[in-house]
Amino acid sequence: MPHRRLPRSFYLQPALDVARQLLGLYLVRKTGRAVLAGRIVEVEAYLGPDDPASHAYRGRTPRNEVMFMKGGHLYVYFTYGMHFCGNVVTGPAGTPHAVLLRALEPVDGLTVLAENRTLPVMKLEALCSGPAKLCQAFGIARKENGTDLCRGEIWIERRDAPLVDDMIARSPRVGISKAREQQWRFFVKGSRFVSGKTGRQ
DNA sequence: TCCGAGATTCACT
DNA sequence: GTGAATCTCGGAG
């Protein structure tokens, strides 16, 4: 199957649909040294004004401006004083919905991915098993905020057949205190690469 | 294996 | 000033 960057139309769908479909796809970044790639195994949807846990719940600010762009852009934010997290913006312009990339299964460029982590990473499972870890491994930081996944050197592509529903699980989102009742976290059932304790769901 | 706390910057109230 | 869509280490059980 040819490796192909996903078209804009994919990202213009509702956030929950994009989140579900992102599982099993590949995040790719081309750098001067290598091609980095990881299979997406865990995501969370954030639904803007309808979602108290979303950064865009209280409207537009300089920080969340990228979320209001049209789908297909990358929203990178800084948190806890030391971490970056990456989101895929979804929906048409003016709809501040996004999908947080929470965990990847490392596939290509493993050496570079490991070098990018500030601490030595002995286990493959720990390389990208968390939103801040995968951003660090892929070198995603402040200057990547606003990157267009349809044009830039970072993109998402399909390599395998889509996952069937049986392989996907849902749960409440992680690390937030609001809207805990919403099951807007999606992950690949049984994957060793989801965040948290190995194998735990 | 589980739980508690430190690290450390920024945006928003 | 406060708390945050987190990660890691160290100590207790």
Side-chain angles (χ1 to χ4, degrees), chain A residues 11 14-16 18-20 22-23 27 38 40-69 71 73-91 95-106 113-147 149 169-188 191-201:
Chain A
Y11 302 104
L16 288 171
V18 173
R20 155 75 177 74
L22 277 176
L23 295 177
L27 177 69
I40 299 169
V41 297
E42 182 182 351
V43 297
E44 287 177 3
Y46 285 86
L47 274 55
D50 302 317
D51 181 0
S54 168
H55 288 169
Y57 181 58
R58 296 180 180 281
R60 190 168 187 155
T61 69
R63 182 198 197 190
N64 64 31
E65 196 171 347
V66 172
M67 292 181 85
F68 288 81
M69 300 170 75
H73 288 84
L74 193 63
Y75 167 50
V76 180
Y77 68 89
F78 185 77
T79 191
Y80 290 107
M82 47 173 50
H83 295 300
F84 291 100
C85 298
N87 299 247
V88 176
V89 177
T90 71
T95 307
H97 291 186
V99 177
L100 171 67
L101 301 175
R102 285 198 56 88
L104 306 177
E105 173 182 343
L113 290 174
E115 283 173 2
N116 284 342
R117 296 294 308 281
T118 52
L119 296 171
V121 178
M122 305 306 292
K123 290 184 181 173
L124 194 60
E125 291 88 340
L127 204 49
C128 299
S129 59
K133 295 181 190 176
L134 73 88
C135 281
Q136 194 179 72
F138 274 74
I140 294 173
R142 200 182 315 277
K143 71 177 190 302
E144 277 70 30
N145 189 33
T147 296
L149 298 172
R170 316 177 51 155
S171 79
R173 291 170 296 180
V174 174
I176 57 172
S177 52
K178 301 160 191 165
R180 295 301 305 270
E181 71 283 3
Q182 303 293 354
Q183 302 224 333
W184 289 345
R185 170 177 177 248
F186 299 79
F187 57 97
V188 177
S191 171
R192 295 148 50 221
F193 299 93
V194 300
S195 65
K197 300 288 187 293
T198 303
R200 204 170 79 177
Q201 302 167 1

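A note on names: the letters A, B, ... follow the listed sequences, proteins ahead of strands, and every chain is numbered from 1.
For the residue pair A:S195/A:E42, the side-chain donor-acceptor check at 3.5 Å is satisfied.
Mapping heavy-atom proximity under 4.0 Å, the span of DNA chain C touched by chain A runs 5' to 3' from C:dA4 to C:dT8.
The partner of B:dT8 cannot be assigned: no Watson-Crick or G-U wobble pair with both contacts below 3.5 Å exists in any strand. Base pairing analysis places C:dA5 opposite nothing; no Watson-Crick or G-U wobble pair with both distances below 3.5 Å involves it.
Taking the centre and axis of the six-membered ring of A:F187, the NZ or CZ atom of A:R102 falls outside the cone set by 45° and 6.0 Å.
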Checklist entry - Taking it one step at a time, do A:V66 and A:L74 satisfy side chain to side chain contact (heavy atoms under 4.5 Å, CB included)? => result CA-CA 8 Å; A:V66 172; A:L74 193 63; over 6 Å; no

Checklist entry - After noting the C-alpha distance and the side-chain angles of A:D51 and A:R173, does the key distance pass the side chain to side chain contact (heavy atoms under 4.5 Å, CB included) rule? => result CA-CA 12 Å; A:D51 181 0; A:R173 291 170 296 180; 2.7 Å; yes

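The CZ atom of A:R60 sits 17 Å away from the C1' atom of B:dC12 (whole-angstrom rounding).
A:R63 comes within 4.0 angstrom of the backbone, heavy atoms only, and of no base. When heavy atoms are screened at a 4.0 angstrom cut-off, A:A132 is found touching the sugar-phosphate backbone but no base atom.
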Side-chain donor-acceptor contacts of residues 128-136 of chain A below 3.5 Å, not counting sequence neighbours, with atom names and distances?
unit_1 : atom_1 : unit_2 : atom_2 : d
A:S129 : OG     : A:E125 : O      : 3.1
A:S129 : OG     : A:K133 : NZ     : 3.2
A:Q136 : OE1    : A:R117 : NE     : 2.7
A:Q136 : OE1    : A:T118 : N      : 3.2
A:Q136 : NE2    : A:T118 : OG1    : 3.4

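Mapping A:F78 and A:L119 onto DNA chain C by nearest heavy atom places A:F78 closer to the 5' end of the strand.
Side chains of A:P96 and A:Y46 form no contact here, defined as non-hydrogen atoms less than 4.5 Å apart.
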